[in-house]
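Take a look at the structure set out below.
Every chain is numbered from 1 and lettered A, B, ... according to where its sequence line falls, protein lines coming before strand lines. Values below: every heavy atom of this structure, side chains too, minus hydrogens, waters and symmetry copies.
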Amino acid sequence: MFASSTTLRPVFFNRDPRQVARALLGKLLIRKTRGGMLAGRIVETEAYLAQGDAAAHAAAGKTARNAVLFGPPGRVYVYFIYGNHYCLNVSCLPDGIAGGVLFRALEPVMGIAQMAKARDIEVEDETDLAKISFLKKISSGPGRLSEALGITRARDNGKNLTSPRSDLRIVDDGYRVRRVMVTPRIGIVKAAEHPLRYFIAGSPFVSA
DNA sequence: GAGGAGATCGTCT
DNA sequence: GACGATCTCCTCT
């Protein structure tokens with residue numbers, strides 16, 4: 001499957017996070033597991049900038065926690081939040097300049113039953129797997145999509161998303177997004193006014 | 001359906 | 001020692 005798709009290369013991520021956040025919409029996030037392949041279409045992202053963005057983890061400078069954001073583009077940055085959740089990001093811009101994109105929501109595409117199990121969501125019967133109300137519970141939110149794909153800081157932080165052999169990567173399968181909406185970011189206090197949240201207009205799988 | 005509070009811990013001050 | 005790029009459950013309407 002996805003025979004005609006191509007893995008996104010480092011150059012895709014080597015630019016302004018706002019461009020990357022917008023361009024990632026419609027791409028497929030793919031996770032290879034022992035139990036099979038999981039995939040979701042990216043429907044919602046947020047950009048976190050290098051300079052002058054008080055909400056970004058990189059705002060206060062480089063630390064052991066956020067070092068990946070300062071590294072080369074196309075690397076996985078995972079952080080743990082509220083004592084409960086992991087959030088998945090990808091680094092942008094050249095080595096030495098911080099910046100990243102947070103993945104906020106996916107439309108489940110492949111391995112849906114396995115993702116539901118990872119989220120501890122019960123499948124009543126086979127028809128559930130095609131219901132929007134059911135699919136929304138799987139990966140419409142940063143913590144939710146990370147849990148569905150089994151993302152953890154110990155396992156994935158620093159991983160190269162752009163290697164075709166990686167167990168976590170992003171591919172372009174030719175899907176074309178019709179219209180993109182831009183709004184302020186969610187769940188932050190500092191620099192909350194900037195319109196840096198991007199999502200596919202009309203998608204029922206975006207968060208909130 | 002909306003709104004509020006608790007969970008729970010790594011990270012930085 | 002405080003707080004956070006969240007989620008879920010519970011209560012009230």
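DNA chain B is contacted by both A:Arg153 and A:Asn84; A:Asn84 maps to the nucleotide lying nearer its 5′ end (nearest heavy atom per residue). For the pair A:Arg65 and A:His85, both in contact range of DNA chain B, the more 5′-proximal nearest nucleotide belongs to A:His85.
Between A:Ile151 atom CD1 and C:dT6 atom P there is a gap of 16 Å when expressed in whole angstrom units. Put simply, CG on A:Asn66 is 12 Å from P on C:dA5, counting in whole angstrom units. As a whole-Å value, the separation of A:Lys62 NZ from B:dT11 C1' is 17 Å. C:dG4 atom P lies 15 Å from atom OH of A:Tyr77, rounded to whole Å. In this structure, CZ of A:Arg119 is placed 11 Å from C1' of C:dT6, rounded to the nearest angstrom. In this structure, the CZ atom of A:Phe80 is 13 Å from the P atom of C:dC7, given to the nearest Å. Atom P of nucleotide C:dT6 and atom CG of A:Asn89 are separated by 11 Å, given to the nearest angstrom. Between the OH atom of A:Tyr86 and the C1' atom of B:dT8 there is a distance of 12 Å, rounded to whole Å.
Residue A:Glu44 forms a salt bridge (Lys or Arg N to Asp or Glu O under 4.0 Å) with just one option from A:Arg22, A:Arg185, A:Arg144, A:Arg197, and that option is A:Arg197. A:Ile170 pairs in a side-chain contact (heavy atoms from CB on, under 4.5 Å) with only one of the listed residues (A:Thr162, A:Leu28, A:Leu24), which is A:Leu24.
Taken together, the paired segments of DNA chain B that extend over three or more consecutive Watson-Crick or G-U pairs, each closer than 3.5 Å at both contacts, are B:1-7 with C:6-12, B:9-12 with C:1-4.
A salt bridge links A:Asp156 with A:Arg31: the closest approach of a Lys/Arg side-chain nitrogen to an acidic carboxylate oxygen falls below 4.0 angstrom.
Residues passing the salt bridge (charged side-chain N to carboxylate O under 4.0 Å, His left out) test with A:Arg65: none are found, sequence neighbours excluded.
Counting Ile, Leu, Val, Met, Phe, Trp and Tyr side chains that sit under 4.5 Å apart, directly or through other members, A:Tyr48 shares a hydrophobic cluster with A:Val68, A:Leu69, A:Phe70, A:Tyr77, A:Tyr79, A:Ile81, A:Tyr82, A:Leu102, A:Ile188.
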- Task: Would you sort out whether A:Val123 and A:Leu129 count as a side chain to side chain contact (heavy atoms under 4.5 Å, CB included), showing the intermediate values?
- Result: CA-CA 8 Å; A:Val123 180; A:Leu129 302 179; 4.2 Å; yes

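Side-chain atoms of A:Tyr79 and base atoms of C:dA5 include a donor and an acceptor less than 3.5 Å apart.
Between A:Arg144 and C:dT8 there is a side-chain polar atom (N or O) within less than 4.0 angstrom of OP1 or OP2. For A:Arg197, no side-chain nitrogen or oxygen approaches OP1 or OP2 of C:dA5 to under 4.0 Å.
Checking B:dG10, C:dA5, C:dC7 against the side-chain heavy atoms of A:Leu69 singles out C:dA5 as nearest. Here the nucleotide nearest the side chain of A:Tyr82, chosen from B:dC9, C:dT6, C:dA5, is C:dT6.
Between B:dG3 and C:dA5, the two P atoms lie 23 Å apart (nearest whole Å).
Nucleic acid contact for A:Gly143: sugar-phosphate only, since backbone atoms but no base atoms lie under 4.0 Å from a heavy atom of the residue.
Under a 3.5 Å cut-off, the side chain of A:Arg178 and the backbone N or O of A:Gly202 do not form any donor-acceptor pair.
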